[in-house]
Amino acid sequence: MNRYPNIKKPIISILLSACLVMPAWALAETEDGLPIDEIRLFAEVFDRIKSAYVEPVSDQKLLEDAIRGMLTGLDPHSAYMDPKAFQSMQVQTSGQFGGLGIEVGLQDGFIRVVAPIDDTPAQRAGIRAGDLITKIDDEAIQGISLNDAVDKMRGKVGTAVVLTLVRDGVEKPFEVRLVRENISVTSVRHRLLETHYGYIRISQFQSNTANQLRNSVEALQALSELKGLVLDLRNNPGGVLQAAIQVSDAFLSDGLIVYTEGRLPNSEMRFNASESTLLPDVPVVVLINSGSASASEIVAGALQDHGRAVIMGTDSFGKGSVQTILPVGSDRAVKLTTARYFTPEGRSIQAEGIRPDIQVEEARITAIETAPVLRERDLSGHLEGSSTGQRESSVTRDSEERDFQLYEALNLLKGLSIMKATRG
């Protein structure tokens, strides 16, 4: 006899089959066995939709939507990945994909920009970390899944899309028109800021980032003996965990880099530095901002806790959770939050972020025109000076002066170098 006369037998069979394959640890948490009342409620809602919804809906769609809802209700980063989303994720982590070049997340039903990726349509259009996307091509997107929003922003290369944005400090929403491109992310870039002072920008952590970092350091050392290095992690949305560990390890000779804690035994991990290190005696300044997330925060937190670098800029994003991709079936997956990150000193990154040692707000500076200044050497009959003991002049290029945070980082490195030379 059917205990639930209003529920179709095939639906009960599907639900009970799903429960029977649940892992033992999940069943063990429910002292009274299976949550029969909740299963009955689910099945009743399922049956009502099937019989009363204005249009026919397939069982597959309803069940997949139910799975998707379970995951999105947990936190902004857990998600169900259908075949298209699963394939898209695999392409993105390889470093080349099509779209606009924006790392996004969910906030209050809207899509929030975590960070624009360097040299992409989004970055060139001036999209900023923290912007909220409310419409895509005049279609309101509040309440849709993150994967669906990403799918809407991606499309054929060369086609245009219009995003409606809400930004703190801007009174009204505004539109930005972007043209889709093939996004090929260059993970690491480098240049000399001045003689003896290097700059390395990591825009995203990919599987080959650590090797690119070492190559960049070698290239900079070939140009000039380094007395200081700026490591720029601003607007770096994260990426591959192992890459963040390897980058941290490149600057540390021992000690803990990061550890994770979760409910499952294999979610508790500890990662330690090896003896090999880059630039052991060279001061390092790490730049971060609100667009520095996840893997970026692991690197900044590790170098800060070990006193290996001075962290400068503004508070980071605060994404300190670990997502594990769990394949289900042959072409689908579940992205599930399984653990939290902690810095070597036990600080949780989640919703806290990394606070800089030196707070420097983002700003632009420009040189001002000044009237000619009269100096001793301009006076008639002045005594000639001696060149003995004169210091080499350091002049920051105009292009660097426009970036106030980078300008301050360079000044700090110069000061540290002078103090080191004086004491040495």
A.B. asks: Just verifying a value: how many Å separate Ile102 CD1 and Ile133 CD1, rounded to the nearest 0.5 Å?
C.D. replies: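 Reported to 0.5 Å precision, the distance equals 4.5 Å.
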A.B. asks: Which residues pass the ring-ring contact (aromatic ring centres under 6.0 Å, His included) test with Tyr259, not counting sequence neighbours?
C.D. replies: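 Tyr259 satisfies ring-ring contact (aromatic ring centres under 6.0 Å, His included) with Phe342 once adjacent residues are dropped.
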A.B. asks: Which pairs pass salt bridge (Lys or Arg N to Asp or Glu O under 4.0 Å) with one or both residues in residues 236-255, sequence neighbours excluded?
C.D. replies: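 Applying salt bridge (Lys or Arg N to Asp or Glu O under 4.0 Å) to every pair that reaches into residues 236-255, excluding sequence neighbours, yields nothing.
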A.B. asks: Nearest 0.5 angstrom please: Ile245 CD1 to Asn272 CG, how far?
C.D. replies: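 Ile245 atom CD1 to Asn272 atom CG measures 10.0 Å (nearest 0.5 Å).
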A.B. asks: I need the full list of salt bridge (Lys or Arg N to Asp or Glu O under 4.0 Å) pairs touching residues 157-170, with sequence neighbours left out, sorted by first then second residue.
C.D. replies: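 Every pair satisfying salt bridge (Lys or Arg N to Asp or Glu O under 4.0 Å) with a residue in residues 157-170: Asp131-Arg167.
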A.B. asks: For Ser294, which residues count as a side-chain contact (heavy atoms from CB on, under 4.5 Å) partner, sequence neighbours excluded?
C.D. replies: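 Expected list: Lys319, Tyr341.
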A.B. asks: Roughly how far, to the nearest 0.5 Å, is the OG1 atom of Thr72 from the CD1 atom of Ile67?
C.D. replies: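 Nearest 0.5 Å value for the CD1-OG1 distance: 12.0 Å.
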A.B. asks: Determine whether the side chains of Ser78 and Thr337 contain a donor N or O and an acceptor N or O closer than 3.5 Å.
C.D. replies: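 Checked: Ser78/Thr337 side chains pair up, N/O donor to acceptor below 3.5 Å.
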A.B. asks: Hey, does the side chain of Ser267 reach the backbone of Thr260 with a donor-acceptor pair shorter than 3.5 angstrom?
C.D. replies: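 No, because the side chain of Ser267 does not come within donor-acceptor range (under 3.5 Å) of the backbone of Thr260.
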A.B. asks: How would you list, by chain and number, every residue that makes a salt bridge (charged side-chain N to carboxylate O under 4.0 Å, His left out) with Arg180, sequence neighbours excluded?
C.D. replies: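 Listed in chain order: nothing, the list is empty.
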A.B. asks: Pairs in or reaching into residues 119-130: which pass salt bridge (Lys or Arg N to Asp or Glu O under 4.0 Å), with residues at least two apart or in two chains?
C.D. replies: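 Checked against salt bridge (Lys or Arg N to Asp or Glu O under 4.0 Å) - neighbours excluded - the pairs reaching residues 119-130 are Asp119-Arg124, Asp119-Arg189, Arg124-Glu181.
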A.B. asks: What pairs of residues pass the salt bridge (Lys or Arg N to Asp or Glu O under 4.0 Å) test when at least one of them lies in residues 337-347, not counting sequence neighbours?
C.D. replies: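 Matches after skipping sequence neighbours: Asp305-Arg347.
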A.B. asks: Taking only residues two or more places apart in sequence or in another chain, which ones pass side chain to side chain donor-acceptor pair (under 3.5 Å) with Glu275?
C.D. replies: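 Scan of Glu275 (side chain to side chain donor-acceptor pair (under 3.5 Å), adjacent residues dropped) gives none.
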A.B. asks: CD1 of Ile418 to NZ of Lys420: how many Å apart, nearest 0.5 Å?
C.D. replies: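 Between atom CD1 of Ile418 and atom NZ of Lys420 there are 13.5 Å.
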A.B. asks: Does Ser187 have any side chain to side chain donor-acceptor pair (under 3.5 Å) partners at least two apart in sequence or in another chain, and if so, which?
C.D. replies: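 Testing Ser187 for side chain to side chain donor-acceptor pair (under 3.5 Å), a comparison that skips the adjacent residues, returns Thr209.
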A.B. asks: Applying salt bridge (charged side-chain N to carboxylate O under 4.0 Å, His left out), name anything that partners Lys227, two or more places apart in sequence or on another chain.
C.D. replies: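 So Lys227 forms no salt bridge (charged side-chain N to carboxylate O under 4.0 Å, His left out) with any residue.
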A.B. asks: Using the side-chain contact (heavy atoms from CB on, under 4.5 Å) criterion, which residues pair with Glu362? Sequence neighbours excluded.
C.D. replies: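 Once residues adjacent in sequence are excluded, the partners of Glu362 under the side-chain contact (heavy atoms from CB on, under 4.5 Å) criterion are Asn289, Gln405.
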A.B. asks: Of all residues at least two apart in sequence or in a different chain, which pass the side chain to side chain donor-acceptor pair (under 3.5 Å) check with Asn211?
C.D. replies: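 Residues passing side chain to side chain donor-acceptor pair (under 3.5 Å) with Asn211: none at all.
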